[in-house]
> 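The structure that follows is given in the form of structure tokens.
Letters A, B, ... are given to chains in the order of the sequence lines, protein chains preceding strands, and every chain is numbered from 1.
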Amino acid sequence: MSLEDELLKQRLNRIREIEALGYRPYGRRYEFTSTIPEILAEHGAQTAEELSPEVRLRVAGRLMTLRHMGKAGFAHLQQNGERLQIYVKKDAVGERDFQLFKMLDMGDIVGVEGYLFRTRTGELSIHAEKLEFLSKTLLSMPEKWHGLEDVEIRYRQRYLDLIANPEVRKVFVTRARIIAVLRRELEARGFIEVETPMMQPLYGGATARPFVTHHNTLDIDLYLRIAPELYLKRLIVGGLERVYEINRNFRNEGLSKQHNPEFTMLEFYQAYTDYRGLMDLSAELLARVAMEATGSGVVEYLGHKLDFTRIERFSMREAVMRFWEGEGCPTVEDVSDPAWLRLHSDKATTGEALADIFERHVEAKLIQPTIIFDYPVETSPLSKNKPEEPAFVERFEIYAAGMEIGNAYTELNDPQEQRRRFEMQFAMRERGDEEAHQMDEDYVRALAYAMPPTGGEGIGIDRLTMILTGARSIRDVILFPLLRPEGPIGLADQLRQFDQP
RNA sequence: GGGCGCGUAGCUCAAUUGGCAGAGCAACUGACUCUUAAUCAGUAGGUUGAAGGUUCGAUUCCUUCCGCGCUCACCA
């Protein structure tokens, strides 16, 4: 019999022993008086004297350490990522509860009733007077002081990661707070949250390859959305003048430290503003989110201090000049000169060449939060042209730590121009660009009912969370990142082998 | 998809030039009524990711496959 089988058998035997003592191996409702973090917050600084008269409590949690000493013992209970020690003395809990205590395994979930005290070494602890058994672990916990380090297990079995690595819990608590702050700030500005289709007959709003699925009854293929954009703007047409959506987008692309096939995007649209208005709003939102998520508008990320309180702004052409490194730094004339652009990129048009040069020479250097504005029209099929410079559009992206975290523009609301853009995209598609936009005729029809001038923006929640939590990989901010399927686990077979009616 | 690297006990990791697979934690037995990486004495635990090859002998060298990581390409 393998070690794993023996361990499982021991634990299953122990369930019967626990039952024989008169406890349920999988307990019921347990009324605790406060959570462990609450107890630590309230009493963590109190001296032994201040803990009298007795503070009586009922707490529940997972057993994370266990130290037996004959007729007494210590253990730590963990709840909501924090630990409180319990002291179990035979004289205090009685014969039956002490028998139970001796049977406990690390990872078991128990309830403890008793009073707070300080041990000889000063640690706040509960002097147990009554134990309740709440749930049995059959598998052993990760190693106690290295924690769980195997990256694959951390992602596949995130529950173990969350039990063993308290900082992981903090990342996801921060992620939740980031989203909550964004919702609150947008609501405060009159935005309403909406939900638009994830399954779409046409995909659009971004350049990416989609996932395809199928609806049986209608017998049609549908695409998992690559962006909600075109639906949100239909709502602007309909008079929902400030809308936002925080939800998943799906892009059938490669995986990397900055890319997961499903990722969370905030998109918001505001009627009667433009990209300048959104720059100001973005700066306010980001500063506020950074402050509330980390306690400061200046955030440390992988050795850099990122200042979200003053976000610099450059046009794409300025950025190419400013961040160019090495020989041949371009001049103002160069960055607008088709010959110079063609010389430094093999892209088909001057606009695509500029964007290409920007991506290769500048993007990775944008460590400080930075807004880059005025994009070439070729790369922006849904943005409005700059009136004085029709080859460019009123668009900006937000960069931080070398990553693109936001994208915004003055929305194109001229249906005739939108039709031309779709047809231009179609031509790019004919030339082999699989990611070029499809024609969405209903969207053109919506614009034909008149959409107010509008600014729209998307912010990548995962990447923003990476920066605000110090995560190197997008997988560290997504609870269950996409991995290859694991294959047979074998636990069901093991359990069946030891199942006794 | 390409390149590089990793995979050893439940967990974290060793193993010299190719020469008897090991430690700590976890587990099990026992001692211990203020410990906290508790301590002390003892016990058990391995298809070295999988399959094949070279060799007297493979954790070690070779091939293929599986999984993961890094990186490049693509993308946000």
Side-chain angles (χ1 to χ4, degrees), chain A residues 1-11 13-14 48 64-76 83-93 98 101 105-107 117-125 127-128 137-157 160 164 205-210 226-227 249-267 359-360 363 397-399 402-407 433-435 458-464 466 472-475 481 483-488 491 494:
Chain A
M1 191 188 295
S2 75
L3 173 68
E4 231 180 318
D5 281 353
E6 270 177 49
L7 196 110
L8 192 57
K9 196 176 174 188
Q10 280 165 16
R11 297 285 171 92
N13 283 338
R14 198 149 273 181
M64 297 305 287
T65 68
L66 202 46
R67 295 174 293 282
H68 289 287
M69 295 176 325
K71 297 183 181 62
F74 289 91
H76 277 100
R83 293 182 183 188
L84 178 64
Q85 181 169 261
I86 61 170
Y87 176 53
V88 181
K89 192 165 69 166
K90 189 173 179 180
D91 295 346
V93 297
F98 198 72
F101 178 66
D105 290 301
M106 286 199 283
F117 77 114
R118 287 216 174 256
T119 63
R120 205 163 282 168
T121 54
E123 179 168 349
L124 184 70
S125 307
H127 197 288
T137 177
L138 297 179
L139 302 172
S140 47
M141 287 291 112
E143 213 261 4
K144 76 176 162 195
W145 70 82
H146 290 98
L148 178 63
E149 294 184 348
D150 184 315
V151 198
E152 182 178 351
I153 298 176
R154 287 190 43 226
Y155 296 148
R156 283 198 194 283
Q157 296 176 259
L160 278 185
T207 53
R209 279 148 62 195
I226 59 174
N249 289 346
F250 307 87
R251 299 190 186 171
N252 206 338
E253 315 267 351
L255 293 81
S256 83
K257 277 196 292 189
Q258 285 143 39
H259 300 84
N260 193 64
E262 55 176 319
F263 63 102
T264 300
M265 184 91 116
L266 160 67
E267 285 205 14
E359 280 168 23
R360 284 186 292 113
E363 203 171 300
E397 293 196 349
I398 307 165
Y399 288 86
M403 291 189 292
E404 183 189 332
I405 59 171
N407 178 23
D433 185 347
E434 283 182 57
E435 297 179 353
I459 291 178
I461 298 297
D462 310 278
R463 289 181 178 180
L464 181 59
M466 283 171 69
R472 285 171 182 278
S473 168
I474 198 166
R475 289 180 163 185
L483 302 174
R484 281 197 173 78
E486 175 176 26
L491 180 61
Q494 289 175 298

> Given atom OH of Tyr155(A) and atom C1' of C68(B), what is their separation to the nearest angstrom?
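Whole-Å distance recorded here is 10 Å.
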> Tell whether Glu143(A) reaches the base of G10(B) with its side chain through a donor-acceptor pair below 3.5 angstrom.
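There is none.
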> To the nearest Å, give me how far apart CZ (Phe74(A)) and C1' (U39(B)) are.
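Nearest whole value for this atom pair: 14 Å.
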> Could you check which nucleotide pairs with A23(B) in any of the strands shown, counting Watson-Crick or G-U wobble with both distances under 3.5 Å?
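For A23(B), the partner nucleotide comes out as U12(B), under the 3.5 Å rule.
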> Taking everything shown except Arg209(A) itself, do over 12 heavy atoms lie less than 6.0 Å from its CZ?
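No, the 6.0 Å shell around CZ holds no more than 12 heavy atoms from other groups.
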> Classify the ring geometry of Tyr87(A) against Phe117(A): parallel below 30°, tilted from 30° to 60°, perpendicular beyond 60°.
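Tilted: the ring planes of Tyr87(A) and Phe117(A) meet at 30° to 60°.
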> Can you measure Leu8(A) atom CG to C28(B) atom C1' for me and round it to whole angstrom units?
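About 16 Å, once rounded to whole Å.
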> Specify the separation, in whole Å, of atom CE of Met64(A) and atom P of C11(B).
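After rounding, the reported distance stands at 16 Å.
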> For the pair made of CD in Glu152(A) and C1' in G5(B), what is the distance, rounded to whole Å?
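Checked: the CD to C1' distance equals 15 Å.
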> Judged by each residue's nearest nucleotide on RNA chain B, which is more toward the 5′ side, Asp105(A) or Glu397(A)?
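Nearest-nucleotide comparison on RNA chain B picks Asp105(A).
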> Quantified in whole Å, what is the C1' atom distance between nucleotide A44(B) and nucleotide G1(B)?
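The same atom, C1', in both gives a distance of 47 Å.
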> With a 4.0 Å cutoff (strictly under), does any side-chain N or O of Arg14(A) reach OP1 or OP2 of C28(B)?
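For Arg14(A), the contact criterion (side-chain N or O under 4.0 Å from OP1 or OP2 of C28(B)) is met.
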> Report the base-pairing partner of G7(B) (Watson-Crick or G-U wobble, both distances below 3.5 angstrom), or none.
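Pairing partner, where one exists within any strand: C66(B).
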> Expressed in whole Å, how much space separates the C1' atoms belonging to U48(B) and G10(B)?
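Their C1' atoms lie roughly 16 Å apart.
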> Between A21(B) and G46(B), how far apart are the two C1' atoms, rounded to whole Å?
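These two C1' atoms come out 8 Å apart once rounded.
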> OP1 or OP2 of A76(B) less than 4.0 angstrom from a side-chain nitrogen or oxygen of Thr207(A), does that happen here?
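The answer is yes; a side-chain N or O of Thr207(A) sits under 4.0 Å from OP1 or OP2.
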> If you find the nucleotide of RNA chain B closest to Glu363(A) and the one closest to Leu148(A), which residue's nucleotide is nearer the 5' end?
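Looking at RNA chain B, the more 5' nearest nucleotide goes with Leu148(A).
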> Tell me the interatomic distance from Arg251(A), atom CZ, to A76(B), atom P, rounded to whole angstroms.
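That distance rounds to 6 Å.
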> For the C1' atoms, the ones on A26(B) and on A9(B), what distance do you get once it is rounded to whole angstrom?
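Comparing C1' positions in A26(B) and A9(B) gives a spacing of 11 Å.
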> Taking only the P atom of each, what is the distance from A23(B) to A14(B) in whole angstrom?
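16 Å, rounded to whole Å.
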> Pick the P atom in C62(B) and in G24(B), then give their distance to the nearest Å.
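Nearest-Å result for C62(B) against G24(B) at atom P: 33 Å.
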> Using the C1' atoms only, state how far A58(B) lies from G2(B), rounded to an integer number of Å.
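So the two C1' atoms sit 30 Å from each other.
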> May I ask you to say what Lys90(A) touches in the nucleic acid, namely base, sugar-phosphate or nothing, with a heavy-atom cut-off under 4.0 Å?
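No contact.
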> Is it true that atom CZ of Arg472(A) has more than 12 heavy atoms of other residues, nucleotides or ligands lying nearer than 6.0 Å?
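Count not over threshold, so no.
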> For a quick check, tell me whether the side chain of Gln85(A) and the base of U35(B) share a donor-acceptor pair closer than 3.5 Å.
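Checked by distance alone, the answer is yes.
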> Just name whichever nucleotide pairs with U54(B), Watson-Crick or G-U, keeping both distances under 3.5 Å, else none.
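Partner of U54(B): none found under 3.5 Å.
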> Nearest-Å distance, CG (Asn260(A)) to P (C68(B))?
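Interatomic distance, CG of Asn260(A) to P of C68(B): 13 Å.
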> Using atom NZ of Lys257(A) as one end and atom P of A73(B) as the other, report the distance to the nearest whole Å.
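Those two atoms, NZ and P, are 13 Å apart.
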> Measuring only the C1' atom in each nucleotide, how far is U63(B) from C70(B)? A whole number of Å is fine.
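Between the two C1' atoms, the distance is 24 Å.
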